[in-house]
Undergrad: 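First the structure, then my questions, so here it is.
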Number of protein chains: 2
Amino acid sequence: MGDMTEDGFGSGPITLPSGGPLYLQLKRWLEDAIANGGIKPGDALPSERDLALRVDVSRVTVRKAVQQLVQDGLLVQRHGSGTFVATPAPRVEQSLSQLTSFTEDMARRGMAVRSQWLDRGVYPPSPQETMVLGLTAGEQVSRIARLRLSQETPLAIERASLSTQILPDPAAVRDSLYACLEQAGSRPIRAIQRIRAANLEADEAALLGVAPGAAGLYIERVSYLANGRVAELTRSTYRGDAYDFVAELRLGDGRTT
Amino acid sequence: MGDMTEDGFGSGPITLPSGGPLYLQLKRWLEDAIANGGIKPGDALPSERDLALRVDVSRVTVRKAVQQLVQDGLLVQRHGSGTFVATPAPRVEQSLSQLTSFTEDMARRGMAVRSQWLDRGVYPPSPQETMVLGLTAGEQVSRIARLRLSQETPLAIERASLSTQILPDPAAVRDSLYACLEQAGSRPIRAIQRIRAANLEADEAALLGVAPGAAGLYIERVSYLANGRVAELTRSTYRGDAYDFVAELRLGDGRTT
DNA sequence: TAGTGGTCTAGACCACGTG
DNA sequence: ACGTGGTCTAGACCACTAA
C-alpha cells in the first residue's frame, strides 16, 4: 500500500489463476478486481495493448474479455480516450399496478428529471396506431418521443401516440403528458402494459448510453379513458440496469381488485 | 424454383450493398435474408469459412457478424455441426396482477409443460433467505429449483425457498408447488414481484438454450399467506424472447398522499 | 502528435459432432 | 476422417480524443 502510483493493477505482469479459455480467465480476473474494489468506478483500465502485454495474450483476446464486460455494463469504452469502470446507474423503482406519470412519479421522490425531445408532431398513422387507437380513415396521429433522464443519466425512451382528437397539438405538451391530458379532461384511468426483455439495438443503446446488446425492457402500454376509449399507445424502451418494476399479485380467479 | 440445391445463398460470391464496417454490412445482409424468408428457420448457413470466401472478408469478420445475430436470437450455433436460423420460441403471456401457478396456468391453456429438477433439498439458509422468510436462528430452509419447459423448449429457471415449517419436505412437491401448499392449507394469496432485465450469464443461458448475453428477465417474488406471514421467496430467470408479462394499471393516485 | 479504441486480415490449432 | 464452430496470434491501418 505504500505505492502512490498504484492503480489496482500494479505495473508488472499479471498472472491469471484459473483454467479454461484465456479471455474467460481475464474476464473473471477483471470482474474480481472490480468486485473487490481493486478498481473503482470511474477508474481507467490499462490500455488494451498494455493489458495484452502484461497478461501475455494477444490484443484480440483482451478485447473479447473487455467486450463482454462492457456489454454486461461493468465497463465503459470511450473511443480515443480509454476504458473505464462503469459508475452503476441508480436503480429506479416503478410500480406495475398504479398508473402514474413519469414526471409526477419522479417529482414525488424528489429526483431531478429532464426530458429531451426526440420527436413531436402530427403524422399519418401506422397500421398499428390506426388499429389500437381506433382511428377513422384519414385521421392523423399525434406523436411525442422523448428521452427520459434522471441526474443526467438516460433512463428510457418513450414514444407515445395519441389521436389528434385527444391531443390536437403535441407541441402543447411541456413536461408531463398526463398533466396536459388532465387539463383537457382526458386523463387515462386504466392501462394495459406488455413487458418483455430484449437486447438493445445500436441506435437505442446509443441514446441510453449503454453498449449495443445490453439488456433492455420493451414496454407497450395502451391506456384508457373513463369512457372506455383508448387514450394513448406508448412504446418505451428502458435500460435494464436502471429499472426495477414492482408488481403486486393477488390470488385471482375473479378479476380485478 | 427449378434448382433443388438452392439454399437461399446460391453458390456464387455475395456482394454487400451498404457502407460502414464490413461486419455490420454482413449482419444486415443476413438479417434481411432471414426477414425476407430467403433463409428459413431451421436452415443451415454456409460454414463460416464458406461465407468468408464468398463475401470476401476474413473469417473473424464473419464471426463478428454471426455472433451478434446469435446473441439477438436470430441464429443458433452448434459446435461441430453448423450455424442455423433459429426457430422463434412461441411467446407465452403471464399476468402480473393475478397470482397463478406456472403449472396450473399452462394447463389452463392446454400447453404441454414439463419441469426438470435442478435441486430439491433442505439447506442452511442464506442471509437473504433468513431475512426475507423471517427464519429464526438454526432454522433450515427448503429449496426447490427447476427448469420449466413447454413443448420441450426451456422457458425459465425457478428457484424457490421456503421455511421448513411451511414446506417440511421439498421432495413432496410433484408438479405444482402451489398445489402442494394448498393441500397443507398454506397457499399464498398475495405476492410482491420485482422485475428487471439483464444479460444472461453463461450457465443460465446454457440451461435456457440461448446465447450467453441474451436478454433475460430476473424476477424476485415474495409471497404471503392469509395470516400475513411470508410463504415463499422465489428468484426466477426467464427467457426474454419467450415471455410477455402483462400488467393492468389503475389510476392509483398516491399523488397528494 | 501521441495514444486510445475500432476494424480487419491470414493463418493456426483445438474440441466437437457426424458419417 | 472430415468438417464444423471455438480460441488465439501478430500485425496492420483507421478514427477519435486529448495535450
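So you know, we letter chains A, B, ... as the sequences are listed, proteins then strands, and number each from 1. It should be emphasised that the depicted structure is a prediction, and the values quoted were computed from it without experimental measurement.
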Undergrad: Quick one: which of D:dC13, C:dC13, D:dT17 gets closest to the side chain of A:Arg59?
TA: D:dC13

Undergrad: Is any side-chain N or O of B:Tyr23 closer than 4.0 Å to OP1 or OP2 of C:dC8?
TA: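 It does not, given that no N or O in the side chain of B:Tyr23 lies less than 4.0 Å from OP1 or OP2 of C:dC8.
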
Undergrad: Go through C:dG5, D:dT7, D:dG5 for me and flag the one nearest to the B:Thr83 side chain.
TA: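 Comparing C:dG5, D:dT7, D:dG5 against the side chain of B:Thr83, the answer is D:dG5.
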
Undergrad: Where the side chain of A:Thr61 is defined as all heavy atoms beyond and including C-beta, which of C:dT9, D:dT9, D:dG6 is the nearest nucleotide?
TA: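 Among C:dT9, D:dT9, D:dG6, the one nearest the side chain of A:Thr61 is D:dT9.
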
Undergrad: The side chain of B:Val60 lies closest to which of these nucleotides: C:dT4, C:dG6, C:dG11?
TA: C:dG11

Undergrad: Answer yes or no: is there an ion pair linking B:Arg159 with B:Glu129, defined by an N-O contact shorter than 4.0 Å?
TA: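 No salt bridge links B:Arg159 with B:Glu129.
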
Undergrad: To the nearest angstrom, how far is A:Gln71 atom CD from C:dG5 atom C1'?
TA: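 Between C1' of C:dG5 and CD of A:Gln71: 17 Å.
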
Undergrad: On the nucleotide D:dG3, are OP1 or OP2 found under 4.0 Å from the side-chain N or O atoms that B:Ser47 carries?
TA: no

Undergrad: Whole-Å distance between D:dG11 C1' and A:Arg63 CZ?
TA: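 A:Arg63 atom CZ is separated from D:dG11 atom C1' by 15 Å.
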
Undergrad: Mapping B:Arg49 and A:Leu22 to their closest nucleotides on DNA chain D, which lands nearer the 5' end?
TA: B:Arg49

Undergrad: Can you see if the side chain of A:Lys64 gets near the phosphate of D:dT7 - specifically, an N or O under 4.0 Å from OP1 or OP2?
TA: yes

Undergrad: Between C:dA15 atom P and B:Gln77 atom CD, what is the distance in whole Å?
TA: 18 Å

Undergrad: Report the distance from atom CD of B:Glu48 to atom P of C:dT9, rounded to the nearest whole Å.
TA: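 So the two atoms are 14 Å apart, to the nearest Å.
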
Undergrad: Side chain of A:Ser58: nearest nucleotide among D:dT7, D:dT9, D:dC13?
TA: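 Given the options D:dT7, D:dT9, D:dC13, the side chain of A:Ser58 is closest to D:dT9.
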
Undergrad: Any Lys/Arg nitrogen of A:Glu93 or B:Arg194 sitting under 4.0 Å from an Asp/Glu carboxylate oxygen of the other?
TA: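 Answer for the salt bridge query: yes.
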
Undergrad: Are B:Phe245 and B:Tyr238, when compared by the centres of their aromatic rings, separated by less than 6.0 Å?
TA: yes

Undergrad: Could you please name the option among D:dG6, D:dA15, D:dC8 that lies closest to any side-chain atom of A:His79?
TA: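 Comparing D:dG6, D:dA15, D:dC8 against the side chain of A:His79, the answer is D:dA15.
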
Undergrad: Using heavy-atom distances to pick each residue's nearest nucleotide on DNA chain D, tell me which of A:Gln25 and A:Arg78 is more 5'.
TA: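 The 5'-side residue here is A:Gln25.
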
